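Presented below is the structure to which this report refers.
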Amino acid sequence: MAKKLGKKARKFARKNLQSAAKRNRKQRAQFARRPRRGGSGRRNERPGDGDEEMPQQANDYFMNEGDVATLVNGLEFPEDESELNSDLSDSDGYLSEDPECLYYSDSEGANVVNDCFVQDGLDGENDKMNIVIKKQKKKLNKLMDKDPGFANYLEKWQSELKSYRSKEDSDEDEMDSVDNDADSSDKNPPNDNILTRKTISEWCQLVAKEPKAPSLCSLLNAYRDACRFGVHSKSPSVQRIRSTEVFYHIITFVLSEADSIFRALLEISDDVNKGKIMNLRSAKRWQSIEPLVKSYLQNSLDLLSQLTDNQILAFVLTRLRASAVLFSAYPSMSRRLLKILIRLWASGDHNLSLSSFLMIREVASLLPECLDLCLNKSYNTYLASSKLVNDRNVKHIDFLTDCLVELYSLDVQKSCERATTSVGQLNAILRQASKTKEKEDLRKVDNWQYINCVNLWVRFLCCNYKDYNMHPLLSSVVQVIRGVAYLFPGTRYLPLRLRLVQMLNELSVCSQMFFPIPSLFFDCLEFRDTSQKEQGQKTKVNFSSLLKVPKNLLKSRDFHEECILSAIDVLSAHFAQWCCHVSFPEVATIPLILLKRLHEQTTIESLRRPIKRLIDQVDENKNFVERKREGVSFSPNDTTSVESFVQDLQAEKSGGKISQFYKNIPKRL
């Protein structure tokens with residue numbers, strides 16, 4: 001007779017066996033979409049409750065929807081959603097074509113259908129899906145015949161689904177009405193001729209030879225159809241463009257040549273600015289070319305809104321960036337462009353984000369009236385994108401931070417006002433949390449949005465502090481950093497503290513101010529001896545995506561190693577900055593005592609070696625500075641003599657050993 005499983009074994013089986021896990025996933029997917037009446041239900045519970053010990057949750061810090069909404073509303077900048085409709089006119093439809101512009105048919109016309117979008121493998125996939133659906137329906141019918149209870153269960157869910165579908169249908173009807181209004185001009189196409197490869201090739205050759213050719217309007221109409229292809233099944237573009245080759249030919253040629261064609265027609269150079277474009281609007285040649293320019297820009301925005309392929313989007317943005325100055329003639333179109341660009345900039349694809357940012361910077365530089373919208377929208381998008389940090393998106397969020405710093409550096413005076421407002425909001429949240437010490441208030445500080453926001457203004461200060469008077473902002477940021485560090489004591493928050501210490505090191509480098517950092521994290525580096533079983537546990541710990549360490553990792557060897565190596569990293573950066581200063585012996589005295597104590601307490605040999613190397617480097621540099629200091633007669637208050645002393649030490653190789661030691665250490669954060 002088989003032995004009965006114990007209580008713990010049965011509990012483990014219910015949670016972790018493959019069949020049980022599959023059943024649990026089905027149940028969660030089935031019931032999670034069914035909110036309770038009155039707005040309360042499982043959606044409002046914290047996803048992390050009761051799962052604090054799970055290793056897979058080590059890289060994410062969970063907050064409920066209410067906390068996230070409260071935090072975003074407290075930190076985001078207000079946006080002006082008013083749209084300028086002065087750009088809209090009848091010219092947004094098809095352009096009038098010259099009757100002399102001919103359409104050609106392909107010689108292999110019988111094979112055109114085989115190259116159609118609809119026939120590019122989609123029909124085969126649809127047939128397979130229909131077969132699978134029919135099989136599933138047969139299985140359901142058999143189950144309903146065998147089990148009447150299952151039939152009643154399906155009827156119950158079908159009644160609830162109908163109510164949800166009715167709501168979705170009403171929303172879709174509203175969206176369709178908006179789309180129909182936007183595409184009402186498509187109902188009057190110039191003609192219903194099919195755009196063949198030969199036709200597009202002939203038009204492209206004529207336009208390339210002579211920009212004023214009548215085929216330019218026809219080509220821009222074809223570009224309009226290509227940009228809106230597939231949006232609506234009844235659109236004329238579905239009937240006119242039937243070949244993938246024609247679609248790509250139109251898009252590639254127009255995006256590649258449109259800017260040079262318009263500049264030739266308007267007789268403007270490559271370095272034209274907004275002022276020249278605005279003055280040109282009163283010229284006679286602008287009146288004839290303006291519908292063509294507007295059609296090209298408007299349809300390009302439609303293309304950006306509809307495309308989903310990241311490579312094609314990056315190509316469109318690269319080509320459209322050359323025509324950024326032309327958007328200055330259309331304010332509302334510029335606003336729409338920025339909103340599309342910022343949405344693409346926050347996407348996870350690096351190439352697309354880079355292409356989007358380059359055009360955002362171009363538009364913000366050329367159009368000063370769009371700078372406010374650009375700064376507000378990009379900042380709010382950055383906050384929304386940095387709610388959660390894990391190993392996969394750490395580099396992307398760091399890239400977004402650098403991009404945002406560059407945007408805010410375009411107008412430092414205006415950006416300082418926004419930075420002061422944001423830091424004031426951070427300080428208010430911190431004071432509330434320090435005063436109440438309640439879990440909800442502490443959660444508003446101990447999250448990635450708050451920390452990434454602080455890191456943003458630290459980077460902004462490091463980039464612009466030397467050129468502008470930003471001392472008040474620096475003092476406020478340092479106050480927030482130290483307040484957060486002291487608000488969360490204990491070993492579990494060591495990753496957060498080390499990140500804050502790294503920010504202080506960066507501010508110290510840019511401002512040449514001394515901040516005592518050892519006191520912020522040395523109290524967290526005293527560990528008890530771990531057992532052989534705990535030392536054998538292998539758990540990957542990455543502080544770059546952690547703010548708070550799960551309890552089950554606190555006793556692991558990997559966590560101890562990461563703590564000590566990260567501490568050596570930030571301490572080496574601190575000592576490398578002040579290694580040539582006249583006060584280095586006083587700076588290094590207390591950290592040396594703490595490092596020697598840590599070296600004695602650590603039993604892991606692989607950690608004792610780097611600690612001992614750092615102690616030897618700091619001790620040697622301390623003795624070197626003391627020997628040099630014995631031969632001077634100036635007072636510490638003599639700033640000129642102190643600077644001369646530092647320069648002399650920097651010129652000697654002995655003063656740079658700690659700097660070389662820091663360069664050779666692998667960066668942990």
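Here the structure is a predicted model, which means the values were calculated and not measured. The figures that follow rest on heavy atoms only: side chains count, while hydrogens, waters and symmetry mates do not.
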Give, for atom OG1 of T602 and atom CD1 of I564, the distance between the pair rounded to the nearest 0.5 Å. 4.0 Å
Value rounded to 0.5 Å, distance of OG in S511 from CG in L504: 9.5 Å
With sequence neighbours left out, the residues meeting ring-ring contact (aromatic ring centres under 6.0 Å, His included) with F521 are none
From R629, E630, K628, residue fulfilling side chain to side chain contact (heavy atoms under 4.5 Å, CB included) relative to V632: R629
Assess the residue pair L407 and Y379 against the criterion (side-chain contact (heavy atoms from CB on, under 4.5 Å)); give the C-alpha distance rounded to whole Å, side-chain angles, the decisive distance to 0.1 Å, and a yes or no. CA-CA 10 Å; L407 286 179; Y379 176 79; over 6 Å; no
Would you mind reporting whether L595 and F522 have side-chain heavy atoms less than 4.5 Å apart? yes
Under a plain distance cut-off of 3.5 Å, with no hydrogens placed, do S556 and D558 share a side-chain donor-acceptor pair? no
A side-chain contact here means heavy atoms from C-beta on lying under 4.5 Å apart; do F315 and S355 qualify? no
Could you state the interatomic distance from CG (L592) to NE2 (H599), rounded to the nearest 0.5 Å? 13.0 Å
Got L375 and S415 here, is their nearest side-chain heavy-atom distance under 4.5 Å? yes
How long is the span from the NE2 atom in H396 to the OG1 atom in T401, to the nearest 0.5 Å? 9.5 Å
N/O donor-acceptor pair under 3.5 Å between N447 side chain and K444 backbone: yes
Check this for me: R418, atom CZ, are more than 12 non-hydrogen atoms of other residues, nucleotides or ligands nearer than 6.0 Å? yes
Contact between C563 and F559 at the side-chain level, heavy atoms closer than 4.5 Å - yes or no? yes
Would you say the side-chain atoms of N390 pair up with the backbone N or O of N393, donor to acceptor, closer than 3.5 Å? yes
Decide if atom CD of E626 counts as having more than 12 heavy atoms of other residues, nucleotides or ligands within a radius under 6.0 Å. yes
side-chain hydrogen bond (donor to acceptor under 3.5 Å, both in side chains) partners of E406, counting only residues at least two apart: R361
Do I429 and Q432 make a side-chain contact, defined as non-hydrogen atoms from C-beta onward lying under 4.5 Å apart? no
Within 6.0 angstrom of K414 NZ, more than 12 heavy atoms from elsewhere: yes
dist R335:CZ -> L337:CG (nearest 0.5 Å) comes out at 12.0 Å
Which distance, rounded to the nearest 0.5 Å, do you find between the CG of L498 and the OG of S544? 12.0 Å
Do L304 and L317 come within less than 4.5 Å of each other through their side chains, counting heavy atoms only? yes
Donor-acceptor pairs under 3.5 angstrom involving side-chain atoms of residues 452-464: please list them, not counting sequence neighbours.
unit_1: N452; atom_1: ND2; unit_2: S386; atom_2: O; d: 3.4
unit_1: N452; atom_1: ND2; unit_2: W448; atom_2: O; d: 3.0
unit_1: W457; atom_1: NE1; unit_2: S422; atom_2: OG; d: 2.9
unit_1: R459; atom_1: NH1; unit_2: D398; atom_2: OD1; d: 3.4
unit_1: R459; atom_1: NH1; unit_2: D402; atom_2: OD1; d: 2.6
unit_1: R459; atom_1: NH2; unit_2: D398; atom_2: OD1; d: 2.5
unit_1: N464; atom_1: ND2; unit_2: S409; atom_2: OG; d: 3.1
unit_1: N464; atom_1: ND2; unit_2: F460; atom_2: O; d: 3.0

Any side-chain heavy-atom pair of L565 and D569 under 4.5 Å: no
Could you check whether any side-chain N or O of R343 sits under 3.5 Å from a backbone N or O of T381, counting only pairs where one atom can act as donor and the other as acceptor? no
I'd like to know whether D441 forms a salt bridge (charged side-chain N to carboxylate O under 4.0 Å, His left out) with K437, so could you lay out the CA-CA distance, the side-chain angles of the two residues, the decisive distance to 0.1 Å, and finally the verdict. CA-CA 7 Å; D441 293 330; K437 297 295 181 66; over 6 Å; no
Just say parallel, tilted or perpendicular for the rings of H574 and F514, cut-offs at 30° and 60°. tilted
Check whether any side-chain heavy atom of C580 sits under 4.5 Å from a side-chain heavy atom of Q647, and report yes or no. no
